Amino acid sequence: MDHNAQGGKAYGLLKSQQEERLLSINETYLSDPQHAEEEDLSSKLEMFQKKYMEFDLNDQGEIDLMGLKQMLEKLGLAKTHLELKKMMSEVVGDTSKETISYNDFLNMMLGKRNAILKLILMFEGMGKEQDKKDVAPPSRKTFADLP
């Protein structure tokens with residue numbers, strides 16, 4: 001697989017191959033009796049897959065530190081390098097690993113443990129609804145408005 005694909009057909013092929021790999025992992029989770037009780041599992045897996053693909057910046061099927069950094073910055077939660085490494089090790093369970101695989105990501109999102117990253121991703125939508133503010137300049141004041 002060519003990891004230097006920058007656009008066009010090569011990039012589309014790379015993304016479709018990545019999507020196929022993630023879909024096959026999703027199928028494994030759907031057929032796993034351990035996750036059979038999970039409510040609305042197929043739609044959750046589809047949502048997780050889209051999120052994962054969005055932040056897999058190196059297109060190698062893994063989210064690296066930069067991908068994690070951009071994910072959190074996009075959510076308005078910039079973190080230091082040390083905080084990112086701590087989150088990464090919390091998800092993968094190993095301090096020497098530098099990437100989050102899709103399996104690690106799914107285990108975190110579907111697991112019972114509440115990793116920091118899981119909590120951030122779960123409440124992402126709620127935060128966006130509350131952050132809506134007026135972006136217009138303040139209205140003009142007149143002499144009648146003065147005390």
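All residue numbers in this chain count up from 1 along the given sequence. Since the model is a prediction, treat every value here as computed from it, not as a measurement.
In this structure, Ser31 has no side chain to side chain donor-acceptor pair (under 3.5 Å) partners at least two apart in sequence or on a different chain. Here Tyr52 pairs with Tyr102, Phe105 under the ring pair (Phe, Tyr, Trp, His ring centres under 6.0 Å) rule; sequence neighbours left out. Not a single side chain to side chain donor-acceptor pair (under 3.5 Å) links Asn103 to another residue, sequence neighbours left out. Scored by the side-chain contact (heavy atoms from CB on, under 4.5 Å) test, Glu27 finds Leu30 as partners (sequence neighbours excluded). Evaluation of the side-chain contact (heavy atoms from CB on, under 4.5 Å) rule for Glu46 yields Lys50 as partners, not counting sequence neighbours. With sequence neighbours left out, Gln70 forms a side chain to side chain donor-acceptor pair (under 3.5 Å) with no residue at all. Checked against salt bridge (charged side-chain N to carboxylate O under 4.0 Å, His left out), Glu19 has no partners two or more places apart in sequence or in another chain. Listed by chain and number, the residues in a side-chain contact (heavy atoms from CB on, under 4.5 Å) with Asp32 are Gln34, His35 (sequence neighbours excluded). In this structure, Glu83 has no salt bridge (charged side-chain N to carboxylate O under 4.0 Å, His left out) partners at least two apart in sequence or on a different chain. For Ser101, the side chain to side chain donor-acceptor pair (under 3.5 Å) criterion is met by Asp104, not counting sequence neighbours. For Thr142, the side-chain contact (heavy atoms from CB on, under 4.5 Å) partners are Ala144, Asp145, not counting sequence neighbours.
In this structure, CE in Met108 is found 8.0 Å from CZ in Phe48, a value given to the nearest 0.5 Å. Of the inter-residue distances, the one linking Met87 atom CE with Ile100 atom CD1 reads 9.0 Å to the nearest 0.5 angstrom. Here the CG-CG distance, from Leu45 to Leu23, works out to 10.0 Å after rounding to the nearest 0.5 Å. Between the NE2 atom of His81 and the NZ atom of Lys86 there is a distance of 15.0 Å, given to the nearest 0.5 Å. Note that the CE atom of Met66 and the CD atom of Glu98 stand 13.0 Å from one another [nearest 0.5 Å]. Here CG of Leu65 is found 5.5 Å from NZ of Lys85. Values are rounded to the nearest 0.5 Å.
Two residues are said to be in side-chain contact when any heavy atoms from C-beta on lie closer than 4.5 Å; Val91 and Asn107 fail this criterion.
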Hey, mind stepping through Leu106 and Ile25 against side-chain contact (heavy atoms from CB on, under 4.5 Å) and telling me if it holds? CA-CA 9 Å; Leu106 288 179; Ile25 293 171; 3.9 Å; yes

Stepwise side-chain contact (heavy atoms from CB on, under 4.5 Å) test for Met71 and Lys51: CA-CA 9 Å; Met71 179 191 304; Lys51 275 279 179 232; over 6 Å; no

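Across every non-hydrogen atom of Met53 and Leu22, the tightest pair is CG-CD1, 3.3 Å. What you find for Ser16 and Leu13 is that their closest heavy atoms are OG-O, 2.9 Å.
Here Lys69 pairs with Glu73 in a salt bridge; the nearest charged N to carboxylate O distance falls below 4.0 Å.
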